[in-house]
Amino acid sequence: VLQGAYSVVLQDPDGQIALTHSVSAGLDYAMIGPEHAWLHDQSRAEYTAASDTEALAAARLLSRTEGIIPALESSHAVAEAVRRSPSAPGAIFLVNVSGRGDKDIDIYRENFKELDSQ
Amino acid sequence: MTGTTVTRIGRLFEDLRKTNRKGLIAYLTVGDPSPDRTPALVEALVRGGADLIELGVPFSDPIADGPVIQAAGERALKAGTTLARVLAVAAEIRRTSEVPLLLFTYLNPVVRYGLERLAEDAAAAGIDGCLLIDASVEEAGEYVAAMHRHGLDTVFLAAPTSTERRLKLVAR
């Protein structure tokens, strides 16, 4: 139970809420929405994770190949599609790219340089 | 607010009514500056005239508290204070004092600890009642039942803006 909602929470064994980190401000939170907890409990959705670096690389890939600059939050989903595509040749992936990436342009500028130099 | 048994809290309010006296209720974050020092601080509060002590359980996300209690909670957590430790401190206070004790806590550590287990352990530690700051009265049936099963009182919060209907629920 965090900030009035009952859901799945990152916490220690004593029920203290854990500190979080994400390159994406919208994901830097210790709880998921109660709707997601419910879908997960019913096994109606599968949940995966992407690292900061994977999300940034996915954002760069989508920007360069499609000219769509995704928001950092949605870039995590794009990263999952990139990860799965080799094992599903010919399949069509539907990714919900909500929001817009121009709000993240400073973070992209900074990190793409680093990715390019690797 | 009472279950079937009358707790020290119930007796205190009866006594206050009879003697037409106002009660002094003091809050203390357990574990600030360290759990070892809380019993002596409670003793001092009682010597200073406190009729009832609220034992605050520190929480990482104290959304209902101002800067003073936020800072106290941070120090208490740093000193290793957990809900289990708070119960141990309460038991220690109870060994030498009959002052009414109210456990004052956020809901998440309690959910983690287990409602029934908390009610049982709190009663064994000599605590008289429990106040869950962020539990709304409409959803508290299970919690109230567990507390009453172990002879503990429950306290709910009311605000100046609370409606008549809500005040009636809170008082029940």
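Lettering follows sequence order; numbering is per chain, from 1. The model shown is predicted, which means the values in this text are computed figures rather than measured ones. Hydrogens, waters and symmetry mates play no part in the numbers below; they use all other heavy atoms, side chains included.
Within 6.0 Å of atom CD in B:Glu142, 12 or fewer heavy atoms from other residues, nucleotides or ligands are found, so the atom counts as exposed in its surroundings. Residue-environment remark: NE2 (A:His40) stays at or below the threshold of 12 foreign heavy atoms within 6.0 Å. More than 12 heavy atoms of other residues, nucleotides or ligands sit less than 6.0 Å from atom CD of B:Glu138. Within 6.0 Å of CZ in B:Arg37 there are 12 or fewer heavy atoms belonging to other residues, nucleotides or ligands. Other residues, nucleotides and ligands contribute more than 12 heavy atoms inside 6.0 Å of the NZ atom of A:Lys103. The neighbour count for A:Phe93 CZ, taken as heavy atoms of other residues, nucleotides or ligands under 6.0 Å away, is above 12.
Using a 4.5 Å cut-off between side-chain heavy atoms of Ile, Leu, Val, Met, Phe, Trp and Tyr, with links allowed through other members, B:Ile69 and B:Ile25 fall into the same hydrophobic cluster. Clustering ILVMFWY residues whenever any of their side-chain heavy atoms sit less than 4.5 angstrom apart, transitively, puts A:Tyr6 in the very cluster that holds B:Tyr113. Residue A:Leu56 is not grouped with residue A:Leu62 when hydrophobic side chains (ILVMFWY) are merged at heavy-atom distances under 4.5 angstrom, including chains of intermediate members. Hydrophobic clustering, with ILVMFWY side chains joined whenever heavy atoms are under 4.5 angstrom apart, groups B:Tyr27 together with B:Ile9. Under a hydrophobic-cluster definition in which Ile, Leu, Val, Met, Phe, Trp and Tyr are linked whenever side-chain heavy atoms come within less than 4.5 Å, directly or via other members, A:Val8 and A:Leu10 are assigned to different clusters.
B:Phe59 touches chain A through backbone and side chain together, each having a heavy atom under 4.5 Å away.
Ranking B:Asp61, B:Ile63, B:Asp134, B:Thr82 against chain A, the residue ahead of the rest is B:Asp61, based on heavy-atom pairs under 4.5 Å.
Residues of residues 14-35 of chain A lying within less than 4.5 angstrom of chain B, judged on heavy atoms, are A:Asp14, A:Gly15, A:Gln16, A:Ile17 in numerical order. Against chain A, no residue from residues 39-55 of chain B qualifies, as none has a non-hydrogen atom under 4.5 angstrom away.
Residues B:Asn108 and A:Gln11 approach most closely at ND2-OE1, 2.8 Å, considering heavy atoms.
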